[in-house]
There are 2 protein chains.
Amino acid sequence: MAAKGDKGAGDPARGMDLLWGTVGRPSRGPKPSMSVDRITGTAVEIADAEGLAAVSMQRIAAAFGFTTMSLYRYVPGKAELVALMIDTAIGDRPDLGGVPGGWRDRLAEWARRCLRLYVRHPWLLAATGGNRVMGPNELGWLDAALAVLADAGFTPVEQHDAFLLVNGHVRSVAQYTTGADRLRVDEWSADLGERLRRHGDRFPALVAAIEGGGYSQTTDEPLEFGLRCLLDGLDRLLTGRASPG
Amino acid sequence: MAAKGDKGAGDPARGMDLLWGTVGRPSRGPKPSMSVDRITGTAVEIADAEGLAAVSMQRIAAAFGFTTMSLYRYVPGKAELVALMIDTAIGDRPDLGGVPGGWRDRLAEWARRCLRLYVRHPWLLAATGGNRVMGPNELGWLDAALAVLADAGFTPVEQHDAFLLVNGHVRSVAQYTTGADRLRVDEWSADLGERLRRHGDRFPALVAAIEGGGYSQTTDEPLEFGLRCLLDGLDRLLTGRASPG
DNA sequence: ACAAACAGTGTGCGGCATAAACAATTGGCT
DNA sequence: AGCCAATTGTTTATGCCGCACACTGTTTGT
């Protein structure tokens, strides 16, 4: 008889407890052969190596030599497992205390470390695509950024909007640089170039830009360009308020 | 015997021809009951109403009263169909000729219309997540933005980086506002609030920001805030170059 | 000693994309 | 007019996927 407050393995609310590490281990019963951490860890390894699509319950279980269904003794479902993967890959909040300079340098450093995360785990972009519940580590990163912005003198709403802005830029650069299916893109890019040359009059600005210097090749250049613009704009907001004359 | 230049229904290179409308209709054989346009159209309708996950070959075929496999006579595979859906949903390039004001106003108008696209088709965000080949309509939107930036006096590389910046902001705001699985989020948000209150010391800036005014409720506010910052930063780049004294 | 709680297995369902072989239809060419 | 080749739509089957359910065996509190 399960009490109404129970959180069995199949309880969807257990996902939050897993995320926050507040899970009570049972006393009776056989000792578990695996653990949520080890399952999540191998899932992240698979995703890092072969992409998020390669992460299936069967694939993870096979890596342990167990059956697929055994995983459901540890994790309520795949959605919860992905949430765990995300928070694991994100890791501890960045320590921006030792960053020299002002709030601009600290926020820029936050962005650079965030981008490094997306580069290390290319699947993170797709996994964090939709609206979802943030885990403690993700909240930690959010808090670190908000702390910098609050210290700089922005209001709560401005902190929120500024975070959305910086985070969006990092994700945009990450998407531009970390190509998941580069192979198929290369396969078609020749065809695309051909068509662009044929329909050049339909895309004059695009053709002109490509011929006039193309696009950035390095990862850092687009990130730093955007950061400079962003921080300049945010700075203008602050200075305009400090000296309203 | 298929010649080496042939593009049958199963040929993956046919995807590009479908995207660009350069497809030769056969003369022999029965008259087709469906068309690529109608298939793509209903696929978009399904995605608009029930999300991208609801779009399956069987679902589309059932909407026509045909079998699943019949679709493969028109489309090489699902990936190509999604590409067609994207370019269909994006639609014709925006006409920014009639927008009063300078390049700032035109670029802002581009961003607003782009956001409207994501609001109208919430699945577009996820569908355009990874690296992929852009269709003619998407290239048109890109060209429209590059034209504004080129006219303002930015170099080709700057045009590219600035586009990445603006586009990223729009996508960021779109992700924040258009919640796909809002239900499950709401289901957990109460639990999250409880945990935030309990672990408040771990996220001081976050708690302070929430208690001090929360976050933006409207769609427009975060978009306009970010746009102002972005355009200010871009403007500074131009004016700094015009008067280097 | 016994029963409750738990771990891992086996089986099976419904859904997904898609490959292959097939019958029916149509038009170009002789 | 008639044939053949090209094309359409169907049938059938394969191999994935997440996951529900019933079952066996193990551990531990009482």
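Basis for what follows: all heavy atoms, side chains included, without hydrogens, waters or symmetry-related copies. Order of the sequence lines fixes the chain letters, A, B, ..., with proteins taken first and strands second; residue numbering starts at 1 for each chain. Since this is a predicted model, take the numbers as computed values, not measurements.
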Take the protein atom [atom1] of [X] and the nucleotide atom [atom2] of [N], then report the distance between them rounded to whole Å.
{"X": "A/Arg25", "N": "D/dG29", "atom1": "CZ", "atom2": "C1'", "answer": "19 Å"}
{"X": "B/Met57", "N": "D/dT10", "atom1": "CE", "atom2": "P", "answer": "15 Å"}
{"X": "A/Arg28", "N": "D/dT26", "atom1": "CZ", "atom2": "C1'", "answer": "14 Å"}
{"X": "A/Tyr72", "N": "D/dC23", "atom1": "OH", "atom2": "P", "answer": "21 Å"}
{"X": "A/Gln58", "N": "C/dT9", "atom1": "CD", "atom2": "P", "answer": "14 Å"}
{"X": "A/Met34", "N": "C/dA7", "atom1": "CE", "atom2": "C1'", "answer": "9 Å"}
{"X": "B/Arg59", "N": "C/dT18", "atom1": "CZ", "atom2": "C1'", "answer": "20 Å"}
{"X": "B/Lys78", "N": "C/dC16", "atom1": "NZ", "atom2": "P", "answer": "8 Å"}

[X] side-chain proximity, nearest of [options]:
{"X": "A/Ser33", "options": "D/dG18, C/dG8, D/dA5", "value": "C/dG8"}
{"X": "A/Phe66", "options": "C/dT9, D/dT11, D/dT8", "value": "C/dT9"}
{"X": "A/Thr67", "options": "C/dG10, D/dT11, C/dC6", "value": "C/dG10"}
{"X": "B/Ser56", "options": "C/dC16, C/dT18, D/dT10", "value": "C/dC16"}
{"X": "B/Tyr74", "options": "D/dG9, D/dT10, C/dA17", "value": "D/dG9"}
{"X": "B/Pro30", "options": "C/dA4, C/dA7, D/dT7", "value": "D/dT7"}

- Query: So does B/Arg14 pair up with B/Glu80, basic N to acidic O under 4.0 Å?
  - Reply: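 No, this pair does not count.
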- Heavy-atom pair of closest approach, residues B/Phe66 and B/Met34: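 Reported closest heavy-atom pair: CG-CE, 3.4 Å.
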- Message: Here's a test for you: under side-chain contact (heavy atoms from CB on, under 4.5 Å), which of A/Leu81, A/Thr67, A/Ile39 qualifies with A/Met57?
- Response: A/Leu81
- Task: Evaluate the side-chain proximity of B/Pro76 to B/Tyr72: yes if any heavy-atom separation is below 4.5 Å, no if none is.
- Result: no
- Message: What I'd like to find out is whether the side chain of B/Asn137 reaches to under 4.5 Å of the side chain of B/Arg93, using heavy atoms alone.
- Response: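 Contact flag for B/Asn137/B/Arg93 side chains = no.
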- Message: As a quick check of understanding, evaluate side chain to side chain contact (heavy atoms under 4.5 Å, CB included) for B/Ser172 and A/Leu165, giving each step before the final call.
- Response: CA-CA 7 Å; B/Ser172 187; A/Leu165 185 57; over 6 Å; no
- Kindly say whether, by distance alone, the side chain of B/Arg73 makes a donor-acceptor pair under 3.5 Å with the base of D/dG9?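 Yes, a donor-acceptor pair under 3.5 Å.
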- B/Met69 or B/Lys31: which one's nearest nucleotide on DNA chain D is closer to the 5' end?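 Taking each residue's closest nucleotide, the earlier one in sequence belongs to B/Lys31.
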- Query: Hey, what bend do you get for the helix from C/dA1-D/dT30 to C/dT30-D/dA1 if you fit axes on five pairs at each end, rounded to 10°?
  - Reply: 10°
- Message: Measuring centre to centre across the rings, with the benzene-like ring taken for any Trp, is B/Phe163 within less than 6.0 Å of B/Trp141?
- Response: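 No, they do not, as the ring centres are separated by 6.0 Å or more.
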